[in-house]
Each structure stands twice: as C-alpha cells, then as structure tokens.
Enquirer: 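Got a structure for you, written out below as structure tokens; questions coming shortly.
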4 protein chains.
Amino acid sequence: MGIQERKEREKEQRKAVIMACATKIFLAKGFVNATMEDIAVCSELSKATLYVYFKNKEEIILHVMNAVLCRLTELMETSMSRAKSAPDKISLIVEAYMDFYSDFNAQYELLSSQESTAGMDFVSLECYKDYVAQYNKFWDTLCAPVNVALEDGYFSKEFSAVEIAVTLWSTIKGLMQNMDKVVKTQNCPDYQKMVAENKVNYNDFQTELLALDYKKMLRHLSDSVIKSFQQQ
Amino acid sequence: MGIQERKEREKEQRKAVIMACATKIFLAKGFVNATMEDIAVCSELSKATLYVYFKNKEEIILHVMNAVLCRLTELMETSMSRAKSAPDKISLIVEAYMDFYSDFNAQYELLSSQESTAGMDFVSLECYKDYVAQYNKFWDTLCAPVNVALEDGYFSKEFSAVEIAVTLWSTIKGLMQNMDKVVKTQNCPDYQKMVAENKVNYNDFQTELLALDYKKMLRHLSDSVIKSFQQQ
Amino acid sequence: MGIQERKEREKEQRKAVIMACATKIFLAKGFVNATMEDIAVCSELSKATLYVYFKNKEEIILHVMNAVLCRLTELMETSMSRAKSAPDKISLIVEAYMDFYSDFNAQYELLSSQESTAGMDFVSLECYKDYVAQYNKFWDTLCAPVNVALEDGYFSKEFSAVEIAVTLWSTIKGLMQNMDKVVKTQNCPDYQKMVAENKVNYNDFQTELLALDYKKMLRHLSDSVIKSFQQQ
Amino acid sequence: MGIQERKEREKEQRKAVIMACATKIFLAKGFVNATMEDIAVCSELSKATLYVYFKNKEEIILHVMNAVLCRLTELMETSMSRAKSAPDKISLIVEAYMDFYSDFNAQYELLSSQESTAGMDFVSLECYKDYVAQYNKFWDTLCAPVNVALEDGYFSKEFSAVEIAVTLWSTIKGLMQNMDKVVKTQNCPDYQKMVAENKVNYNDFQTELLALDYKKMLRHLSDSVIKSFQQQ
DNA sequence: TATGAATGAGGTTTCATTCAT
DNA sequence: TATGAATGAAACCTCATTCAT
C-alpha cells in the first residue's frame, strides 16, 4: 500500500528532476538550441527515458513554463494575503515579483521566452489547456486587487483594471529583464573569453549597468506607476 | 575606377537585399528556426551565394541587429534634434521609440531576442566589435540628454543618469513587448487553428488585451516615469 | 498435481490470448509496423509479460503463422473427409479455402506475408522446426488427393501431383489476394481521406472491382483449373 | 547550352541509380526494414543526398513502384502490337507477363508488396497521383483487348471484361509469386545457414518445388483460363 | 508469474556549410 | 562572382528488450 505511494512519489520526483534540468538547459541555450541529449546528460538518464516521462520536447517546456507560472501565482497570492486593503495588496504583489525573481532568478526569463507557445504543434491538447488555464489564473490573480481598488475609488477611472495591471506587470518585467540580460551577457563564457583575450573591452557603461541598485529602482518604479493611476 | 566603384556599390546593394530578407525571415520564424535556404529563396539567390557576402549565419544576424540598432539610434537623434531643452529631448526620445515601433514594428523584437549575442562563437571579431560599438552608441545617445537634464537640476539627483535612462527604456520596452506578444499569439496560425477547432477558447481577458489602446498607455507611462524622476 | 495442470492450462490460455491479439495487430498494421506495445495493450498485459510467454517478437509471428496454417490444414482435412472420391476431395479443398477466407478473412494475408521467414535470425530452432513441419504437413494434405486422382487416371499424367497442387493453390490464392487488396485499399483511412478531400477520385475501374462477385469467379476458376488437368 | 542538357541528363541518371539501389534493397529487406542508410551506401552517396532527389523514403518506393508498373505496361503494349486479333493480343499479354518476370524478376515482387500504398501519409499529392494514373493505365491496357474479344463474341458474356482480366492477371501473378517465394526462401542466407548447420533439412517437397518447370505451368494455366471464358 | 522502469541501438530527416565549376 | 550538388554532423524520436522487484 505504502509501496504504491512511494513509487508514485518517486515518479513525481523524477519528473521534477527532469524539469529542473530542462529549465537549466533551456535558460542556458534557449529552447531550440537545447537538445534532448543535453537534458538527458544533466538528468543522468538516457534520452529514451525522457520520453517515458514527457511526450516530446515541446511538452517539456510547456510543463516548465506552467510550473514557473504556477509558482509565481502562488507567491503573489501568499504575498497578497498579508494585506487587507487593495492598494496594499498591489504593493505586495510587486514585492512578490521581486522575491520570485530573487529566489527563482533564472526561471524568470522563461516566462518571457519569445518562443512562448507559438509553433507548438505537437503538444497534447491536455498539456496545452493546463498551460492556458494557469495563464488565465495568473492574470486573474493580478487583476483582482486592481479591480477592488478601482471600485473603491483608489484608482482613477481613466484606465481600466486590465490596463493598469498590464502596465504594472509589463513595466516591472521590462526592468527585470534588462537587469537579467546585463548579468547574463557578463556571465556568458564566450563574452568572458573575448574580454580575457582583450578582443572586447568592458566599457564604463557596462560596468555601471552591473553596479546599479536594481531593487531600489524597481521599488521606485512600482511606486511611481501605482501613483500615476491614482485619483488626484 | 568608375567600374570599380560600381562593383563596390552593387556589392553593398546585394548585401542590403540579403539583410532585408534575413530580417524578414528572422522576425517571422525566429533566428534559430530561420534557415539559410529561407533567406536564399527570399533573396532570389542561391544558398552558396550568401556565403560570398557573409561568413556565416551568425554574422548575418549580428549585421541585422546592428542595422536595427543603428536605425533606432538615428531615429532618436533625429527626433531629439527637433527640441532644444533636455526635458523636451527626453520626451521626444519616447516618441522616437514609438515611431520606430510603428515603422519597423516587428523588427523591434529582434533587439531583445534572447539568443542575441550568447553563443556567438563563429562571428568574426570585426563584426562583433561593430555591434558592441553600435550598442554603446545607442546608450550614449539615450543618456546624453538625461545627463544634461540632471546637470540642469531638472531631475532629482537621487538617481544617476544611467539609472534614469535604463528605467525609461526598460519600462517602455516592456510594455511594447507585451503588446507585441499578445498580437503575435493571436496571429499565430496554430493558435487560430486551435480556436477554430474549439480546442481552446478566447477568453474575455485575451479579448480585452487585444482591444487596449497601447499608444495612450505608453504615453501615460512615459510621462509618469519622467515625472517621477523630477525634482519635487 | 491438479494445481500443476491448472497452471499449465492457464499458461496455454494466456499464450492463446496473446497470439490472438498479435494476429489482430499484425493484420491491421503489418508485422514490421506492429509494436510489442500494441500487442501488450491489446492483451491487457505489460510488455515485459509478453517475454515470459514468447522469446521475442519474431517467435510470436512464427507461432501465429503456424496456428493459421494449422487451422487451414484442419479445415482442408475436415472438408475432404466429407467426400469419398479423390476428385470430390479436391473440389472440397477449394471450398475449404473459401470457408477459411470467409471465416478468417484477414488472417489469410499473413500466410503470404513477404516478410514471412526471411531474416528470422532470432527464433529458436524448435519454434522454426515446428513451423516447417506444419508447412510440410499442409502441402502433404494438399497433394494427397491429387496423387490418388493421378493414380486413378482422373488427371492426365502430363503434370505431376506437385505441379497440379501448386497451380491450384497459387491460382486461388492469387485471386483471393487481389480481392483482399482492393478491399483494403478502399478501407484504408488515408485513401478515404484523400477521396474525401477530392485529391484522388474513385474511378470507374475501382468501383467495378469492388462490385465483383468473387465467389462466383473463384468457383469458375477452380473448376476450370481442375478440368484443365483432367484426361481428355 | 549542351551543358544545361548534360546536367539535366546526369541528374536523371542519379535519380535512376538511386531508384535501382532502392529497388534492390526494398526487395532484399522489405520496405520497412530497408533504411536510408542502406540505400545511401548502395548508391555510394550520402544519406543527405538522397533527400536532394526524393522528398522522403515513401516517395522513393512510390517512384519505384511507378517505374515498375510503367515498364510492365510498356511491355504489354509492345507485345500486343505484334498481333491483330484480340485473342492473340491476350495471349501475347500473358507472354509479356512472363518476359517481364524473366527480365525484371526481382522488381516483380514490388508490385505485390503488401505494403502497397496504405499508410503513405507523407508522399506529395503529385507523386501519388502519378502512381494512381499509372495504375489505371495498366488496367486499361489489360482490359482493352478483353473488351474487344467480348464484343466479337470470342468470350462468353457470362463474365464481364473486368472479371476476365482480373482473373487472368491474379491467377498468373499468384503462380509467379509462389515460384518467387520458393526461390527466395531457398536463397535466403539465414535459411542456407540453417541447412548448412543441419538444423533444418531440405525435404523432398521443397526440392521438387524448385525443380518445377514454371514456364510450362504458366502457359498451361493461361491457356486454360482463357479457354474457360470462351464461348462453347 | 508479472511488471514498471530504463535504455541501447538505430531510424528518418534537417541544415549550415563547402567546393568544383 | 555565382551556384548546383553534395555532405557531415547532429537532432528528435521509437522500440525491442532487459532487469530488479
């Protein structure tokens, strides 16, 4: 009896391991450049085994994206529950973004991977539906407190709840992404090699970018954006 | 020598044609999915001929990115030259972003392609240096009026010029990208097919996203961000 | 010991189930395209279990072919036993063919599967010998009454017993196979789809083929062939 | 100018070489077991090159089958043209079958390959249509003189032209196939090895089958079948 | 006996790149 | 300069088979 459960658990763990490895590889090389071989080696499994757990490569990334989005949504909900008022909830959501980024740093990028779901011919319908559901849930979570704030007269009616939510989210995401890209370029082995061989120089600008206090910038940004939607 | 020059000119024209085609293909299918065959067909040349003009596929994309960045920088400069004061210049830069997006719409995404310069082992040093130079020039152009505005006391000294420039740029880029993604998902043939077959439903949220007035949102956003950095 | 016997019996039953499923799958997809997975699912057993009962995939098909051949031989014997004279026996054998085809329809094709015994490296010797024995028994059964008819002077001595038997058998098999192929092409989902999409048209010829009265043709054929070997 | 043509011709020759090799391999191992690697090695080309000349494996076999059918139809037409009367034409068609078999022996089997066109998902429409057209032309050629013979009162009206043609063709094909199978089993290396190792014995029956005078049998058969359809 | 899990070996196909002409 | 032809290398995926339990 317990044996059944243990097996079930082990299987889930395997799946999780594969997904963790896949995430790592996808982030390092991009979805298209990542190979099943890469993932297999990283998971210490054979390529064939991957296909026992996932139908194909596309389903792996969709599962990964789903998991990331799910984790973020959870964080947002947890964070929000700490506040009573809608405005406070909104501020806390921004905090949640940042926590998420700190904790799951790398995974973050996947959410904005440009390949998204376009051209995903071979995913099973079920898998795709799961993702769409999670996607919608994420936006609902994001819009909910904005809606309340609108009804309460905290926000001006000039913009709709969706407009406010989209602006907040895109804005913060944009800044985080930028930060991520700078860090990545700097960490990219090819780039480091070129610098080491004096073929390319770090210039002052890049050095300055790396030194920025992003947390401070993010907080300033979110405060400003929220404020800009408030009633005067 | 006239003959020499004509040949030179023709060569440049060929190169431009190839790059134009490459840009089109890269945008439509992403860098990794685009094939040399695609570019050759679009240019009405043979695959082998592409290698006469470019060392390899990676150099093509680097040239394309360079050209796009160059175009954007030009637009910013032109736009800025219409104003005298630094604050006005900054506002106009935002306008330049939007014009650029309107004119070159899809090209926009290329600038933030995650595949960008990571893993570009095979580009020639010269080519890579050109790109880095253009990249630095872009940021310089962006920071210049911010610096002036800072010195003039228009902006508070709480944030550095780079911080302000990065925030402005990342923010607007984030919102534009979001818009782009929504449009692209909606236009993706696979997605349309799934909707047509009733496997996935447009939900209210997505419909609302499509209907948003992004220009208005962008203007509101840039105004707010600029204002947030001003002296009180 | 009763327990021993029951186990033995159960084992045989399992084997029979697997073979029945295998037959179904082989006929539907061809031997090479059929997978152990297919057979396992159809038998409601795990893939691994199949290997408890059969050494490998090749042995399964050899067993199946054996069983089919055995069944046909039985039918021929039963049919023949209803007559006294050799000529009557021969006529009845033809009837047996047709009954077999009616009853086991699709199984028929298996007997002439070109993949048959070529390249069967991995079957156990015993298994292969069984098949050869059954094959010889089949031909003996077929030749026996022909031999008698020859000795009785019913058939002309111009042809040997084997020649007569081979002609009869090949001839009837040829016609049956043709019939089978027409029906199968018509039933093939891909083909139907192409017709539905107007990519290929049924033409008058194919329509006519489907409408033929094969039983009548078969009877005419066997009568004519038998008659052609008779003494004038 | 001549250069253009020469290239064209060389290309056709390459295609022909590939098809010849493919035919050889398909016959030796069956369509499914044959690999592109096999064909490449046999053609002394790389695997990739095969894809320059044919869209995929399925199109190769369809082209091969088409060519074989085309060759047979030609032979039938040439043969028929030597006679004036319909009955003579029909006899000559049978001769053509036999010539074809003698000359193109191996290719023959492909025509009755059980895999035929079922499950051919990936062939281009054009390629498939070519095959269907050839297939129809073959039957037309076969039925034409039968029709004339029917109208002339040479054949009894009890059977239609199609019925007569189908019977003739299936019957002769059946006998030829049988002959082929016996020869092949005998020539199969695995089988020879088993015999050499005394694991299986040639028995009298198989020996006798090999020794049969098939040409004589075929002629007897076709004469008998034709006669059976004649007016009494 | 029965099986869940794992995999080695191998199949088809794609594509950036080269090279003789 | 321009290209048709050819290919090496690698990617995704499948499946018969094994093995510990």
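Protein chains get the first letters and strands the later ones, always in sequence-line order, with residue 1 at the start of each.
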Enquirer: I'd like to compare against my own output: the B/S/- annotation of nucleotides 14-21 of chain F with a strict under-4.0 Å heavy-atom distance to protein.
Expert: BBBBBB--

Enquirer: Map C/Thr49 and A/Thr49 onto DNA chain E by nearest heavy atom, then report which one ends up closer to the 5' terminus.
Expert: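 Here C/Thr49 is the residue nearer the 5' end.
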
Enquirer: Reading 5' to 3' and counting Watson-Crick or G-U wobble pairs with both distances under 3.5 Å, write the dot-bracket notation for DNA chain E, | for bases paired outside the strand.
Expert: .||||||||||||||||||||

Enquirer: I need the CD1-P distance between D/Ile60 and E/dG11, as an integer number of Å.
Expert: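 Roughly 15 Å, once rounded to whole Å.
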
Enquirer: Between E/dA16 atom P and B/Phe31 atom CZ, what is the distance in whole Å?
Expert: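 The answer, rounded to whole Å, is 9 Å.
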
Enquirer: Could you please name the option among E/dA5, F/dT3, E/dT3 that lies closest to any side-chain atom of A/Lys11?
Expert: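 Of E/dA5, F/dT3, E/dT3, E/dA5 is nearest to the side chain of A/Lys11.
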
Enquirer: Under a 3.5 Å distance rule, please check whether D/Glu59 uses its side chain to pair with a backbone N or O of D/Cys127 as donor and acceptor.
Expert: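 Checked: no pair found.
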
Enquirer: List the atom of A/Lys55, the atom of A/Val123, and the distance in Å for their closest heavy-atom pair.
Expert: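 Looking at all heavy atoms of both residues, the closest pair is NZ-C, 4.0 Å.
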
Enquirer: Rounded to whole angstrom units, what separation is found between the OH atom of D/Tyr53 and the C1' atom of F/dA6?
Expert: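 Taking atom C1' of F/dA6 as the reference, OH of D/Tyr53 is at 8 Å.
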
Enquirer: Got A/Ser46 and A/Thr49 here, is their nearest side-chain heavy-atom distance under 4.5 Å?
Expert: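 In contact.
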
Enquirer: Using a strict cut-off of less than 4.0 Å between a Lys/Arg side-chain nitrogen and an Asp/Glu carboxylate oxygen, indicate whether C/Arg6 and C/Glu10 qualify as a salt bridge.
Expert: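 A salt bridge is present here (some side-chain N lies under 4.0 Å from a carboxylate O).
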
Enquirer: Roughly, in whole Å, what's the span from CG in B/Leu50 to P in F/dG4?
Expert: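 B/Leu50 atom CG is separated from F/dG4 atom P by 12 Å.
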
Enquirer: Indicate yes or no for a side-chain donor-acceptor contact from C/Asn33 to the backbone of C/Gly30 under 3.5 Å, with no hydrogens or angles considered.
Expert: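 Side chain of C/Asn33 to backbone of C/Gly30, a donor-acceptor pair under 3.5 Å: no, none is there.
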
Enquirer: Expressed in angstrom and rounded to an integer, what is the separation of D/Glu59 atom CD from E/dT13 atom P?
Expert: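 So the two atoms are 10 Å apart, to the nearest Å.
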
Enquirer: Could you tell me if the side chain of C/Phe54 sits less than 4.5 Å from the side chain of C/Leu50, heavy atoms only?
Expert: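 No; the side chains remain at least 4.5 Å from each other.
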
Enquirer: State which of F/dT1, E/dA5, E/dA2 makes the closest approach to the side chain of A/Arg14.
Expert: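 Out of F/dT1, E/dA5, E/dA2, the nucleotide with an atom closest to A/Arg14's side chain is E/dA5.
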
Enquirer: More 5' along DNA chain F: D/Glu44 or B/Ser46, using each one's nearest nucleotide?
Expert: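 With D/Glu44 and B/Ser46 compared, the 5'-side residue is B/Ser46.
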
